[in-house]
Student: 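Got a structure for you, written out below as structure tokens; questions coming shortly.
The chains referred to below are lettered A, B, ... by the order of the sequence lines, with proteins before strands, and numbering in each begins at 1.
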Amino acid sequence: MTTVLDTAAPGPGTHALVIGVGAYDHLVGGRGTLLDNPFGLKQLGSPPRSALAFAEWLLGGLANDVAPLASLEVVISARTPVTIADSGGQRVEVEPATMANIRAATERWFARADSHDDNVAVFYHCGHGLESSDLALLAQDFGAPGGDPVQLWANAYNFHRTYRGMAKCKAKGQFFFVDACRQVSADVLEFDGRDLAALIAPKLRGQNSTRNAPILYASARAARAFARTDSVSRFTSALIEALDSNGAERQQGRWQVSNATLGRGVIKRIELGNVKGVPSQDCVSDGESAGTTTIHVLADAPRVPVIVSGKTLPATAALEFRRSVSAPPDLTAAGPAPWRLDVQAGTYALWALDGQQLIADLTEEWIMPPAYERELP
Amino acid sequence: MPLVFVHGVNTRDSDGHRDSVAKRANLFARVALRGLAENPSITDPYWGGDAARPAWGNASVPDGDYESFGIDDQTAVLVLEATGGIEDENPLLRLARRSLPEAVDLLWTLIPEDRSDAEVAELGAKTVAYAESHPAPGWLAEVSNDAQFLTRLELEVDAWDPAVVSPGEPDTWESFGVAEVWDRVREGAGRLLGLPGRAAGSVAIAAARAKIHGTLSLFIGDILVYLNRRTTADGSPGAIPSIVISALEEARAAVTPADPHVVAVGHSMGGNILYDALTHYRPDLRLDALVTVGSQVGVFEELKLFKASRSDIPSRTAPKVRTPPNVGHWINVFDRQDLLSFAGAAVFDPVLDFEYSTGATVFGAHTRYFERPSFHRRLNERLTDVLAP
């Protein structure tokens, strides 16, 4: 088992389950017998790196004094085993994300998350997904024993039913991050999906009906999620960036990331990243929320993505950010517009200059999450 | 490069027709005109709206039933044609072992029209090129069913010839799901699974074939309407030739120094309409290439049915009809299985006759040319021969 952290501390805490699947035994390029129809699905380089990056962020980056990180379950399948530093600083080998390991890790995660009403449960999965009526997320041994198995979906699980199953968990805050494609493959539509099991069986009575449980999908329904090969995916990069910056909001004198604010921060990061040369992706938020749960608190004002453009700006123009009109510039964006950069949240005077000539003057601009976008006259 | 496609008889506007126009246009643009056009633009002048309209809705057809085939019936006929009527649990693999190019053509023909796009056409061109250079690859002996065949074909084609760029996102990106283009190929192949009692020789096919009789009513009707109404009382072109002439004029006006050629493709009756337009109504309109496919231009001329037909040809001094001087090159494609297609070289001079086998039966051959990537590859070769500098 790969329980990277389990403080067993009393009181509320954050309990996380991180699943990353890049190696698939029975898909194209896998080590086992190739499925007759692997749906064209191949091995992936990004999910192990993405899952590891998110797990390491939880270990080193998560700050929540109400519900500090209390446990972390990690299962990752990669061509070569992945290691992670445990709570004692020792690097331990992470178990592969086979269906059995995913189930076992889920049971441990659920039990801990269910131990206190004010817990925060975090679920993260990165890997291949296929959607018909529900979203199927595939384990490393999907398609075992190879060939044309009697139960094709035995080693995949139903995310949507798992989400509904988590309604019986007491944890008031529940965050679900799904970094997977949601394509509706014609082949998949041939199956009725009833044998696609949930990790946590839904229960109709005794539900936690006031949970704050957002779902962030890396892709819209019937669409794809992307990553540079062997790099952290677009979604996971945006998620980590948003957690540390524009997913926050000023509340009670602190910059807090909550179920109400995180989604718009991630969506904006993905949206701004849809530029030429990058496969376009649409992040979608879903889920149910009865109130607000904070997942993370920033130590300082967040850095906010800023895009300033202008139709008539000369190529030699630069953009200055000043805390006040009389202060020296905090930051200068050079080069031709549009200017894209991250700027710490606050109020600024924005001056567009061509040499010494002032060509646009915005004296009091609020640069606040999730983004600041402005077209200069 | 402007390309004008003139359809044949028995074509009526519908969602299905518009989808098939789009599928065909993608294959023309991405395969047939590859290397010949900077900006291929395909136009489809639609003249079915001015063709035959049976006053009693075809009540005179004995069983009153001339609706077109249902999808399953069409698929059944396709498989019957492709596999030669041999029952097999794995018709694709069976066909591939006989001829991989034919299996690829069948796969692309099976892709639903509304799921076809430029990427599908591009992949079709690459796959048929792979199949033609590997007509009997050794891996066909290593797979044992249709699903394995499709999986292996995808792997082999994707890995083949790194100089050819595969459609889709650049290799530096990976997506957490299926490759959409191949998914559409599998979707088309999946239609085979829904066939009633498998394809070959089934009662369903016999029933589907019987429905062809009904379609003959519109088929004959469209020809008669065209011949009867092609010229108005004052001698100007009637509705149908006017539609085609307008499209040719627009195509001529759209040429640029980068795309200097105009090509017109006439399928079946569309070839006859083009010939009339170019020889009688607008002999001033110039085409760089005329392509007639599954057409009856030769037999119409033998029967002297064209406006420009001359009764003194053939004679000892004029054994053949001269190809219209406003046509740079004339390519005529026929399939011996297509009883409605005819050669041209015995009647016209010069015309380049090319035989192309759709691999279909007499029932399917006439309508199958333009759905096959291999047809568009052949056409690209012929057009390149005559148009490329």
Student: Which heavy atom of B:Glu180 sits nearest a heavy atom of A:Ala222, and at what distance?
Tutor: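 It is OE2-O, 4.4 Å.
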Student: Tell me whether A:Arg79 at atom CZ has more than 12 heavy atoms from other residues, nucleotides or ligands lying less than 6.0 Å away.
Tutor: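 Open.
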Student: Quick one: which of A:Leu138, A:Leu44, A:Val278 has the most heavy-atom pairs under 4.5 Å with chain B, could you say?
Tutor: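 It is A:Leu44.
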Student: What residue, out of A:Lys42, A:Glu131, A:Arg228, has the most heavy-atom pairs lying under 4.5 Å from chain B?
Tutor: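 Max contact count across the listed options: A:Arg228.
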Student: Do B:Leu150 and A:Asn37 touch side chain to side chain, with heavy atoms closer than 4.5 Å?
Tutor: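 Not in contact.
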Student: Does any heavy atom of chain A fall under 4.5 Å from the side chain of B:Leu155, the backbone, both, or neither of them?
Tutor: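 Looking at B:Leu155, just its side chain touches chain A.
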Student: Can you check whether A:Phe226's main-chain N or O pairs, donor with acceptor, with B:Ser175's side chain at less than 3.5 Å?
Tutor: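 A pair under 3.5 Å: no.
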Student: Select, from A:Gly29, A:Pro47, A:Ser233, the one with the greatest count of heavy-atom pairs under 4.5 Å involving chain B.
Tutor: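 Greatest number of close heavy-atom pairs with chain B: A:Pro47.
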Student: Rounded to the nearest 0.5 Å, what's the gap from CZ on B:Arg152 to CG on A:Asp36? Could you check?
Tutor: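 Separation between the atoms: 13.0 Å.
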Student: Check each atom of A:Arg182 against the heavy atoms of chain B and say whether the ones under 4.5 Å are side chain, backbone, both or neither.
Tutor: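 Neither part.
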Student: Are there over 12 heavy-atom neighbours, none belonging to A:Arg161, within less than 6.0 Å of that residue's CZ?
Tutor: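 Open: at most 12 neighbouring heavy atoms sit under 6.0 Å from CZ of A:Arg161.
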Student: What I'd like to find out is whether the side chain of B:Asp183 reaches to under 4.5 Å of the side chain of A:Gln183, using heavy atoms alone.
Tutor: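 B:Asp183 does not reach A:Gln183 side chain to side chain.
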Student: Between A:Ser46, A:Cys126, A:Ser231, A:Ala218, which has the largest tally of heavy atom pairs under 4.5 Å with chain B?
Tutor: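 Max contact count across the listed options: A:Ser46.
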Student: Please report the C-alpha distance between B:Trp173 and A:Arg234 in whole Å, then the side-chain angles of each, then the deciding distance to 0.1 Å, and finally whether the side-chain contact (heavy atoms from CB on, under 4.5 Å) criterion is met.
Tutor: CA-CA 10 Å; B:Trp173 291 91; A:Arg234 288 197 61 195; 3.8 Å; yes
Student: For the residue pair A:Ser219 and B:Phe176, establish whether any side-chain heavy-atom pair is separated by less than 4.5 Å.
Tutor: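 Side chain of A:Ser219 against side chain of B:Phe176, heavy atoms only: no contact under 4.5 Å found.
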Student: Looking at CZ of A:Phe39 and OG1 of B:Thr151, how far apart are the two atoms once the value is rounded to the nearest 0.5 Å?
Tutor: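 Going from CZ on A:Phe39 over to OG1 on B:Thr151, the span is 9.5 Å.
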